[in-house]
There are 2 protein chains.
Amino acid sequence: MQASVRTKEAAAEVATRELTALTKHLLLTTSREMFHELEKAGISITQIKSLTFLAEAEEPLSVKALSDMIGLSLPGVSRAIDGLVQRGEITRVEDPRDRRSKLLTITPRGRRTYERVLATRMAGIRRFVDELDPEEQEALARGLSAVAGRLKR
Amino acid sequence: MQASVRTKEAAAEVATRELTALTKHLLLTTSREMFHELEKAGISITQIKSLTFLAEAEEPLSVKALSDMIGLSLPGVSRAIDGLVQRGEITRVEDPRDRRSKLLTITPRGRRTYERVLATRMAGIRRFVDELDPEEQEALARGLSAVAGRLKR
DNA sequence: TATTGTTATACTCTATAACTATA
DNA sequence: TATAGTTATAGAGTATAACAATA
């Protein structure tokens with residue numbers, strides 16, 4: 001009884017510690033090229049976050065909803081959105097049910113931009129994975145697959 | 001032979017895909033409180049990156065070396081450093097072997113700041129881990145421990 | 001009156017250019 | 001002449017405050 005509790009706690013602690021170390025490692029080794037890719041595309045941090053949330057949202061989002069999700073000020077998001085609309089990455093139309101509100105939807109072009117940036121991060125992660133032994137890759141794949149169902153897709 | 005190759009490739013692809021999804025998930029769910037913590041502490045992105053590299057460096061670093069590691073301009077790093085020095089988070093002394101260069105070292109206070117910010121990220125990751133079943137925690141811990149040796153500590 | 005969104009203004013951050021000191 | 005670092009200046013980004021439109 002006590003042993004099982006101890007084991008459970010140890011697993012949670014080990015998982016947390018190792019996951020923290022791994023994300024930190026990936027952050028340090030990939031953030032440079034991420035920033036470079038964003039700069040090349042002329043996309044700000046807030047803009048890529050907006051695209052990310054809009055790409056994964058099932059339905060159109062209001063500026064307010066997006067602002068709450070991202071955790072940035074409404075004017076800041078409004079400005080970021082403005083740039084994305086002008087570039088044709090998203091559409092912004094009045095909500096017929098509440099004309100104060102605007103409904104934001106990602107366009108195919110916006111989705112391509114989002115996926116290009118995502119691919120940059122993926123490439124950095126792929127580099128890390130490729131340096132592992134086959135056994136390490138297997139073990140990592142198994143461990144991650146076990147929790148894949150816990151992530152929003 | 002061919003089967004083993006296919007398996008190896010599949011493991012790398014699965015690991016990359018799942019690791020990308022997991023880091024994205026953690027980024028979206030924890031970045032808000034990270035920014036909040038940094039703002040509360042009055043620390044900029046460049047400053048926390050500087051503290052991170054200095055905390056993990058074995059020896060003092062020059063401003064140039066730090067600038068190369070972070071991938072930002074020398075003046076930008078110089079400014080960021082300036083704030084950290086004034087706040088007593090790091091020390092900056094002339095390199096006696098090359099008086100053009102300044103040697104940067106993290107102070108105990110700077111280390112505490114770094115660890116407080118790190119703890120914030122860890123707390124977000126811990127929340128994710130705590131929501132998992134014991135079996136999922138076990139599997140994740142095993143998979144991550146297998147690659148722990150590949151990370152700089 | 002309250003809420004959604006935009007515009008006005010000020011501040012922070014960072015990059016390029018110019019400069020100083022040392023090699 | 002080249003390099004390390006700082007200071008000057010400009011541009012991008014974001015927050016608070018003020019405003020307009022709608023509920």
Side-chain angles (χ1 to χ4, degrees), chain A residues 31-32 34-54 59-87 89-105 117, chain B residues 31-32 34-54 57 59-87 89-105:
Chain A
S31 71
R32 194 200 309 235
M34 276 296 298
F35 279 112
H36 193 261
E37 177 68 27
L38 288 175
E39 189 182 7
K40 205 177 65 182
I43 302 262
S44 75
I45 306 288
T46 302
Q47 285 178 326
I48 191 60
K49 281 186 184 170
S50 298
L51 278 183
T52 301
F53 278 105
L54 287 171
E59 300 179 348
L61 298 175
S62 70
V63 181
K64 176 73 161 76
L66 195 53
S67 158
D68 288 340
M69 286 178 180
I70 300 179
L72 292 181
S73 73
L74 198 53
V77 174
S78 180
R79 292 264 191 220
I81 286 307
D82 214 55
L84 292 174
V85 170
Q86 280 176 21
R87 294 167 41 146
E89 315 260 9
I90 65 175
T91 60
R92 174 179 49 187
V93 301
E94 212 176 64
D95 183 346
R97 294 177 309 175
D98 181 346
R99 292 177 51 213
R100 292 173 304 181
S101 187
K102 309 286 179 68
L103 294 178
L104 308 174
T105 310
V117 173
Chain B
S31 71
R32 193 200 311 233
M34 277 295 298
F35 278 112
H36 193 260
E37 176 69 26
L38 288 175
E39 188 182 8
K40 205 177 64 181
I43 302 263
S44 75
I45 306 287
T46 302
Q47 286 179 325
I48 191 60
K49 280 186 186 170
S50 298
L51 278 184
T52 300
F53 278 104
L54 287 171
E59 299 179 349
L61 298 175
S62 70
V63 180
K64 176 71 162 70
L66 195 53
S67 159
D68 287 341
M69 286 178 180
I70 300 178
L72 292 180
S73 72
L74 196 55
V77 174
S78 179
R79 291 268 191 218
I81 287 306
D82 213 55
L84 292 174
V85 170
Q86 280 175 23
R87 295 167 41 147
E89 315 259 9
I90 65 175
T91 60
R92 174 179 49 187
V93 300
E94 212 177 65
D95 184 345
R97 294 178 307 175
D98 182 346
R99 293 177 51 214
R100 292 173 303 182
S101 186
K102 308 287 177 72
L103 294 178
L104 308 174
T105 311

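On a predicted model such as this, the values are computed, not experimentally measured, just so you know. Chain identifiers are assigned alphabetically (A, B, ...) following the order of the sequence lines, protein sequences preceding nucleic acid strands; residue numbering begins at 1 within each chain.
Counting any heavy atom pair closer than 4.0 Å across all strands shown, A:Asp95 reaches no nucleic acid atom. Contacts of A:Asp98 with the nucleic acid, taken as non-hydrogen atoms under 4.0 Å apart, involve only primed sugar atoms and P, OP1 or OP2. Residue contacts shown for B:Arg97 are absent, as no nucleic acid heavy atom lies under 4.0 Å away.
For the side chain to side chain contact (heavy atoms under 4.5 Å, CB included) with A:Ser50, the lone residue among A:Ile90, A:Ile43, A:Ile70, A:Leu104 that qualifies is A:Ile70.
Judged by closest nucleotide on DNA chain C, A:Arg79 is the one of A:Arg79 and B:Ser73 placed further toward the 5' end. Between A:Pro96 and A:Gly76, the residue anchored closer to the 5' end of DNA chain D is A:Gly76, taking for each the nucleotide with the nearest heavy atom.
Here the nucleotide nearest the side chain of B:Ser78, chosen from D:dG5, C:dA17, C:dG5, is D:dG5. Here the nucleotide nearest the side chain of A:Lys102, chosen from C:dG5, C:dT14, D:dT6, is C:dG5. Considering only side-chain atoms of B:Pro75, the nucleotide from D:dA15, C:dT14, D:dT7 that sits closest is D:dT7. Which of C:dT22, D:dT6, C:dG5 sits closest to the side chain of B:Arg99 comes down to C:dT22. With D:dG5, C:dG5, D:dA23 as the choices, the nucleotide that has an atom nearest any side-chain atom of A:Ser101 turns out to be C:dG5.
We find that A:Arg99 and A:Asp95 are not joined by a salt bridge, their nearest charged nitrogen and carboxylate oxygen being 4.0 Å or further apart. For the pair A:Arg92 and A:Asp82, the salt-bridge criterion is met [side-chain N within less than 4.0 Å of a carboxylate O].
Between the side chain of A:Arg100 and the base of C:dT3, at least one donor-acceptor pair of N or O atoms lies under 3.5 Å.
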